[in-house]
*Asks:* 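I'd like to ask you about the structure that follows.
Reminder, nothing fancy here: chain letters follow the sequence lines and each chain counts from 1.
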Amino acid sequence: MTSLAQKLSTIVGAAFEALDLPHELGAVRVSDRPDLAQFQCNGAMAAAKLARKNPREVAQGVVDVLEDPLFISDNLSSLFYPILHNAKSGQKNANQAITMQAALFKTLEIAGPGFINFNVTDDFIAGHLSVVSGDDRLGIPQSANGETVVLDYGGMNVAKAMHVGHLRSLAIGDCLKRMMRVAGYDALGDIHMGDWGLQMGQIISAFEIAHPGWPYFDPGFEGDYPADAPFSYDELEEIYPRAAQGCKDDPERLDAARKATMELQDGRRGYLALWQHFIDLSLTDIKANIARLGVDFEIWNGEACVNYLIPEITADLAARGVTEDSEGAVVIPVVRPEDKKEMPPLLFKKSDGAATYGTTDVATIYDRIKTYPKIAKMIYETDLRQNLHFEQVFCAAEKAGYVDGIELKHIGHGTVNGPDGKPFKTREGKAMKFSDMVTAVMAKAEERLAEANLDETIGIEERGEIARMVAVATLKFTELSNQAHMDYIFDIDRMTQFEGKTGPYLLYQAVRIKSLLRKAEAQGFEAGETPHFVIGDEDRSLALLLTELPDHFEAAMKHYTPHVLCEYAYTLAQGFSSFYGNCHILSEENAGVRASRLALCALTYRQLEFVLNVLGIDIPERM
RNA sequence: GCACCCGUAGCUCAAUUGGAUAGAGUACUCGACUACGAAUCGAGCGGUUGGAGGUUCGAAUCCUCCCGGGUGCACCA
């Protein structure tokens, strides 16, 4: 099963092959001139360039092959089972072949410098949609077979409040994970918390200054440390920026922080106990935040999780001759032979022996390979500014020979700016907290729900849940519909308009279909399991849209670009809304047409639900 | 200094990776709720794709130079 355009590509590709031209040049796609045709193939022009021929002549040659009645029946009839199943196999004759050819193409013509334009018959569209309707995967092929993919996103820091920027990594990473699963991978999200660097030493030593009497700081203490932290998460979150600033201003405090970091990494008991409080408190906060967003992780590792592996890896890297000493530190030179530009070496260990994020990132790759024997990809979703770092880490892992046959991919997102185009700040000049942002959007959604004439049977609880779903749809859809690598303008007022190209629009259309289908059922109308589609002028554009899903999914997979799916979801929702406004569905008197239109609605709903699900957006029953 | 990213309609963004007449949303102006939910639909307005060259049947996309904005270059992550 594939898209309709891919089916056509198979036919046209075979036609190119019949002329000794590359099969791929027969690629057919939805036309970008719908006034001229439904589908187009541009390969004749590329082929003409290769063969140094006139493009229109090449195109004519392809069209001649396609118009040969025997061509399709001889080569490709198996592809068209649904519309051709009336033809008895093994009984091909010229008449029947003509029938098959005519059953596919309504028009077939050459335009401009050598475009081949196609219109297909309504029966062909109908047959295709019947098959799609009967397919659990809606025509999307499975491209993987249970290989493991680890996605590293979120990257929240311990003791540091989540801010608006985390929405980017969370939404994109989670969506990529869902895409990978649909494709057939065993995809695992790793939060990979920032819990092991100098910041930890900074906080520890700040506490040591403030509370020197705590048992965590007594080297001779041998008892049990308190199970609960003697400070709250809010206090922790507040102490961090002060500690960081303190180290900036005072070299002695910085030294103390460095020393504390190293001792923590060395396993000093009291520090570890204190550090565990940081983790516990931070996790509680993080889990509450991501639960509201509907995002989750399978792997709750942090940088610290590979600490025990560092001696082993350090030795291994040295044995492989990958590391070098440099100014007392251990580094990995990472210039690839083919690279022209200079690249600074990866700092693997600081001169005082402490680990950096270079250390833990390389160690994590090593660890994942051992933990997941079927690993095929590691995908990192972080701020774009870490680009160089990941290039270095990936190159180091390659040089060490850890990642043969494994794809390492960094997907960077741009900075979050305010409406003024500068890095986002609240009116008070502070970074907006993630939780405040979600709360604000939810409040707007509640407000909007209060204005709407909602069904009185919707209770306060359901209304709250609907508001949450609308808020999540808003946040994720605005986030995901931008390309990741672009800087991002965060404008909460614009975001909460809930009109036009927004998450709530998609929910609204989906809810409308759901409501319609409920009514249909109540009236005893059914589309049936393998619906028979009747495509008329009012149905055609929606029907054609419904043939496209696999193409968009494939494009999003290939380039790791969720915004392609957002675009399709919106186009489909809009196509439905237009269809809905233009024709009778329940009130259609012709039973066959009515059943077909209901089946179009049902299929639209399934596709919308599917895409929204991949985007991480849930649909309410009503709104 | 070296490297990377960005510049498209007033604003926010697309453009199937080199295809035809550069598309959406928003804002603005009209029009449509006694057929199924108006958070909707239809129509109009809006462009020298930052600029200049080049490559070719064809460029927002590729190459060169320039302008403007942002970012990164080992002991923070």
*Asks:* Would you state whether a donor and an acceptor, one from the side chain of A:Asn117 and one from the base of B:A20, lie under 3.5 Å apart?
*Replies:*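 Present.
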*Asks:* Given the ring of A:Phe39, does A:Arg29 sit roughly above its face, with NZ or CZ under 6.0 Å from the centre of the six-membered ring and within 45° of the axis?
*Replies:*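 No, A:Arg29 does not lie over the aromatic ring of A:Phe39.
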*Asks:* Assign A:Thr356 to base, sugar-phosphate, or nothing according to its heavy-atom contacts below 4.0 angstrom with the strands shown.
*Replies:*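 Contact class for A:Thr356: sugar-phosphate only.
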*Asks:* Side chain of A:Tyr508, base of B:A39: donor and acceptor closer than 3.5 Å?
*Replies:*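 No, the side chain and the base share no sub-3.5 Å donor-acceptor pair.
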*Asks:* Is the glycosidic torsion of B:U17 within 90° of 0, making it syn, or is it anti?
*Replies:*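 Syn, angle within 90° of zero.
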*Asks:* Give A:Val564 one of three labels, base, sugar-phosphate or nothing, depending on what nucleic acid heavy atoms sit under 4.0 Å from its own.
*Replies:*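 Counting heavy atoms under 4.0 Å across all strands, no contact is made by A:Val564.
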*Asks:* If pairing requires Watson-Crick or G-U wobble contacts with both distances under 3.5 Å, which nucleotide is the partner of B:A52?
*Replies:*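 Matched B:A52 with B:U64 under the 3.5 Å cut-off.
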*Asks:* Strictly below 4.0 Å: does A:Lys350 bring a side-chain N or O up to OP1 or OP2 of B:C76?
*Replies:*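 Yes, because at least one side-chain N or O of A:Lys350 sits under 4.0 Å from OP1 or OP2 of B:C76.
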*Asks:* For atom C1', what is the distance between B:C57 and B:G18, given to the nearest Å?
*Replies:*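 Between the two C1' atoms, the distance is 12 Å.
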*Asks:* Quick check, does A:His584 stack with B:A35? I mean ring centres under 5.5 Å and planes off by under 30°.
*Replies:*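 Whether judged by distance or by angle, A:His584 passes, so it stacks on the base of B:A35.
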*Asks:* Rounded to the nearest angstrom, tell me the gap between atom CE in A:Met495 and atom C1' in B:U26.
*Replies:*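 After rounding, the reported distance stands at 15 Å.
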*Asks:* If you take atom types as modelled and just measure distance, does the side chain of A:His559 reach the base of B:U17 with a donor-acceptor pair under 3.5 Å?
*Replies:*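 Counting by modelled atom types and ignoring angles, a donor-acceptor contact under 3.5 Å is found here.
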*Asks:* Using the C1' atom as the reference point in each nucleotide, state the distance between B:U64 and B:G25 in Å, no decimals.
*Replies:*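 Their C1' atoms lie roughly 36 Å apart.
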*Asks:* Using the six-membered ring for Trp and the full ring for Phe, Tyr or His, decide whether A:Phe115 stacks on the six-membered base ring of B:G19 (centres under 5.5 Å, planes under 30°).
*Replies:*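 Here the ring of A:Phe115 and the base of B:G19 are not stacked, as the 5.5 Å and 30° limits are not both satisfied.
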*Asks:* Report the distance from atom CD of A:Gln60 to atom CD1 of A:Ile116, rounding to the nearest 0.5 Å.
*Replies:*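 If we round to the nearest 0.5 Å, A:Gln60:CD and A:Ile116:CD1 are 9.0 Å apart.
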*Asks:* Check for me: is A:Tyr580 stacked on B:C41 by the 5.5 Å centroid and 30° plane-angle rule?
*Replies:*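 No, aromatic ring not over the base.
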*Asks:* Expressed as a whole number of Å, how far does the C1' atom of B:C11 sit from that of B:C63?
*Replies:*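 About 33 Å, rounded to a whole number of Å.
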*Asks:* Does any N or O donor sit under 3.5 Å from an N or O acceptor when you compare the side chain of A:Lys519 with the base of B:G37?
*Replies:*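 Between B:G37 and A:Lys519, which were checked side chain against base, a qualifying N/O pair under 3.5 Å is absent.
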